[in-house]
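The shown structure was predicted, so the numbers you read here are calculated from the model rather than taken from an experiment.
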Amino acid sequence: MAFSNQILVAVIAASAVVFGAEGFAPSALSHAHNVNVRSAIMKPLRVGMDLDGIGTDDAEPAEDFMFSSGDLDTEDSGAEETLPAKFLSAQRIVELRAKHRRHETDTGSPEYQVAGMTERINHLTNHLKEHPKDFSTRRGLVALVNKRRRLLNYLYKEDEKRYVEIVGALGIRHKVPGAIPSREDIYGRFPSQKPNKGKSKMKVAAKSK
């Protein structure tokens with residue numbers, strides 16, 4: 001059963017007359033309890049302080065760090081050891097290209113390309129030692145070696161001095177084009193194949209006549 005607002009206001013007014021204004025105000029006991037709780041909460045903030053607010057000499061300052069500088073050095077050294085091989089190879093490629101380029105803006109000379117390819121070949125070779133069944137990488141490695149060989153052949157024809165310098169600096173095993181014997185040099189000392197004098201050839205010759 002719902003009561004109207006006027007009835008509720010009348011009931012509250014009658015209660016105030018009977019119990020007085022103190023019935024609706026907080027008691028002194030609850031106020032004292034709240035004060036004690038508030039002071040107990042604030043006590044830890046004043047550890048090491050006397051009643052006059054002056055700090056004691058015997059109190060040691062609390063350490064506000066969770067690890068020392070030695071721990072940081074140990075973590076950094078461990079992070080350097082776990083760098084991926086691909087990242088280290090990319091760094092070495094940049095260093096070798098900067099070392100063997102002809103000028104500051106060089107990005108296409110044979111020395112610049114051969115330096116980057118050599119480090120890439122070494123990285124892929126080490127990768128295949130760990131993963132011998134990675135046939136797609138093996139195919140790319142063979143293509144890269146052939147491309148480097150063609151660049152070295154071109155550099156040998158253009159400037160033999162630079163060719164010798166880049167091969168010696170990078171430790172590349174490469175045979176110059178003149179040192180590779182041709183097919184005629186290999187098989188020229190052998191006599192040519194004898195003509196076939198079989199019966200089938202004789203029959204064909206007779207029919208043509």
- [ ] Calculate, to the nearest 0.5 Å, the distance between atoms OH and CZ belonging to Y112 and R97 respectively.
- [x] 4.5 Å
Under a 3.5 Å distance rule, please check whether [X] uses its side chain to pair with a backbone N or O of [Y] as donor and acceptor.
| X | Y | result |
| --- | --- | --- |
| H131 | D134 | no |
| N146 | R149 | no |
| Q113 | G108 | yes |
| R173 | V167 | no |
| D159 | L155 | no |

Less than 4.5 Å apart, any side-chain heavy atom of [X] and any of [Y]?
| X | Y | value |
| --- | --- | --- |
| N126 | E130 | no |
| L152 | I166 | yes |
| I172 | V114 | yes |
| M117 | L151 | yes |
| T137 | L128 | yes |
| Y154 | R150 | no |

Task: Given K99, H100, R102, the one that forms side-chain hydrogen bond (donor to acceptor under 3.5 Å, both in side chains) with E111 - done: R102
Open item on the list: Would you say the ring centers of Y163 and H174 fall short of 6.0 Å from each other?
Closed with: yes
TODO: Mind running side-chain contact (heavy atoms from CB on, under 4.5 Å) on S136 and R139 for me, showing each step along the way?
DONE: CA-CA 5 Å; S136 60; R139 181 181 180 184; 5.7 Å; no
- [ ] Report yes or no: do V145 and L96 belong to one cluster of Ile/Leu/Val/Met/Phe/Trp/Tyr joined by side chain heavy-atom distances under 4.5 Å?
- [x] yes
